[in-house]
Amino acid sequence: MPARVSAATRERLLTAAERLLLTERYDDVSVRRICTEAGANPAAVHYHFGSKEGLVVALLEERLGALWAERLTAVTAAAGPVSEIVDAVLTPFTGLAADPLGRLHLRLLAQCVIDRQVGPDQWQQRWFRIDSWADLLPQVGERESLRRWMLAFDLIIMRFGRAAAEERALSPEAVATLRAFVVAGLTAPTGEPS
């Protein structure tokens with residue numbers, strides 16, 4: 001299959017899944033239905049993504065990856081403080097929460113991460129992979145850093161995902177409190193060896 005045709009089919013599948021998931025529950029949208037909506041062969045999702053979960057991972061990485069990549073790469077390259085890293089993470093979340101398609105992406109992200117429907121090894125882009133965060137907390141060891149980041153992401157994604165599921169955005173006060181809590185947790189001293 002020529003690369004142009006393959007890339008076009010892949011994008012049609014992503015767009016079809018996005019369109020269906022915007023109005024229907026994840027569990028109610030079948031792979032067959034996505035293929036039909038995209039005008040693709042019934043095996044196209046499996047060919048391009050391996051599974052429905054793989055399609056959702058690709059959708060989230062493609063639609064959301066650019067929101068974080070440039071900002072996080074710049075902040076971490078400059079060895080900015082943890083608060084700047086947290087701001088680089090939170091700012092796109094607040095923008096997504098204000099848009100129906102963004103809320104869909106937040107709901108899907110919450111389903112993948114909080115409900116553990118997607119394993120950590122399925123993510124391809126740097127800032128979606130937890131190992132990319134391991135050395136960003138120099139005051140603690142790698143294992144403790146990973147634990148703290150995983151808790152931080154669980155909390156952030158859970159709060160924004162729940163609000164998105166309820167078709168609302170978090171208030172600025174709630175976001176400020178969440179930010180302060182996450183920064184405090186990430187920078188807290190540790191009395192244990194890492």
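- To the nearest 0.5 Å, the span separating CG on Asp28 from OG1 on Thr23 amounts to 10.0 Å.
- You'll find the side chain of Ser132 stays beyond 4.5 Å of the side chain of Gln125, heavy atoms only.
- Listed here is the closest heavy atom pair of Ala40 and Leu13: CB-CD2, 4.1 Å.
- In this structure, Tyr26 is a member of the same hydrophobic cluster as Leu22, with clusters built from ILVMFWY side-chain heavy atoms closer than 4.5 Å.
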Start with the C-alpha distance between Val75 and Asp87, add both sets of side-chain angles, then the distance that settles side chain to side chain contact (heavy atoms under 4.5 Å, CB included), and finish with yes or no.
CA-CA 10 Å; Val75 169; Asp87 289 340; over 6 Å; no
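- Partners of Glu173 according to the side-chain contact (heavy atoms from CB on, under 4.5 Å) rule, which considers only residues two or more places apart in sequence or in another chain, are Ser171.
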So Leu14 and Phe49, side chain to side chain contact (heavy atoms under 4.5 Å, CB included) or not? Walk me through it.
CA-CA 10 Å; Leu14 292 171; Phe49 306 104; 3.8 Å; yes
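- Side-chain N or O atoms of Glu61 include one that pairs as donor or acceptor with a backbone N or O of Gln124 at under 3.5 Å.
- Scanning for side-chain contact (heavy atoms from CB on, under 4.5 Å) contacts around Thr36 gives Arg32, with sequence neighbours left out.
- In this structure, the side chains of Ile85 and Trp149 come closer than 4.5 Å at one or more pairs of heavy atoms.
- A search for salt bridge (Lys or Arg N to Asp or Glu O under 4.0 Å) contacts involving Arg33 returns Glu24, not counting sequence neighbours.
- Residues meeting the side-chain contact (heavy atoms from CB on, under 4.5 Å) test with Met150, sequence neighbours left out: Ile130.
- Across all non-hydrogen atoms, the minimal contact from Pro42 to Cys35 is O-SG, 3.5 Å.
- For Asp135, there are no salt bridge (Lys or Arg N to Asp or Glu O under 4.0 Å) partners, not counting sequence neighbours.
- A side-chain hydrogen bond (donor to acceptor under 3.5 Å, both in side chains) check over residues 66-75, counting only residues at least two apart or in different chains, returns the pairs Thr73-Trp127.
- Atom OG1 of residue Thr76 and atom CH2 of residue Trp133 lie 8.0 Å apart, to the nearest 0.5 angstrom.
- Hydrophobic cluster membership is shared by Leu108 and Leu101, with clusters built from Ile, Leu, Val, Met, Phe, Trp and Tyr side chains linked at under 4.5 angstrom.
- Looking only at side-chain heavy atoms (C-beta outward), His48 and Ser6 come within less than 4.5 Å of each other.
- Within the structure, every pair that satisfies the salt bridge (Lys or Arg N to Asp or Glu O under 4.0 Å) test and touches residues 98-109, not counting sequence neighbours, is listed here: Arg103-Glu167, Arg107-Glu167.
- Listed here is the closest heavy atom pair of Val175 and Phe160: CG2-CZ, 4.1 Å.
- Partners of Ile157 under the side-chain contact (heavy atoms from CB on, under 4.5 Å) rule, at least two apart in sequence or in another chain, are Phe93, Leu109, Ala110, Val113, Ile114, Phe153.
- You'll find the side chain of Leu170 stays beyond 4.5 Å of the side chain of Thr94, heavy atoms only.
- In this structure, the side chain of Thr15 does not engage the main chain of Arg12 through any donor-acceptor pair within 3.5 Å.
- Leu90 is connected to Met158 through a chain of hydrophobic side-chain contacts under 4.5 Å among Ile, Leu, Val, Met, Phe, Trp and Tyr, so both are in one cluster.
- Here salt bridge (Lys or Arg N to Asp or Glu O under 4.0 Å) pairs that include residues 148-157, with residues two or more places apart or in two chains, are Arg116-Asp154, Glu144-Arg148.
- Legend: ring-ring contact (aromatic ring centres under 6.0 Å, His included) pairs involving residues 98-125, not counting sequence neighbours, sorted by first then second residue: Trp123-Phe128.
- Other residues, nucleotides and ligands place no more than 12 heavy atoms under 6.0 Å from the CZ atom of Arg162.
- Contacts of Asp131 classified as salt bridge (Lys or Arg N to Asp or Glu O under 4.0 Å), with partners at least two apart in sequence or in another chain: Arg129.
- The two residues Ala152 and Leu186 come nearest to each other via the heavy atoms CB-CD2, 4.2 Å.
- Scanning all heavy atoms of the two residues, the minimum distance from Leu104 to Glu18 falls at CD2-O, 3.5 Å.
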Report the C-alpha distance between Arg179 and Ser83 in whole Å, list the side-chain angles of each, state the deciding distance to 0.1 Å, and finish with yes or no for side chain to side chain contact (heavy atoms under 4.5 Å, CB included).
CA-CA 8 Å; Arg179 177 194 182 275; Ser83 60; 3.3 Å; yes
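- One distance of note links CG of Leu60 with CG of Leu55; it measures 9.5 Å at 0.5 Å rounding.
- Scanning both residues, Ala16 and Ile34, for their nearest heavy atoms gives CB-O, 3.8 Å.
- Residues Val89 and Leu72 form a side-chain contact, since some pair of their non-hydrogen atoms from C-beta on lies under 4.5 Å apart.
- The salt bridge (Lys or Arg N to Asp or Glu O under 4.0 Å) check on Glu62 picks up Arg10, with sequence neighbours excluded.
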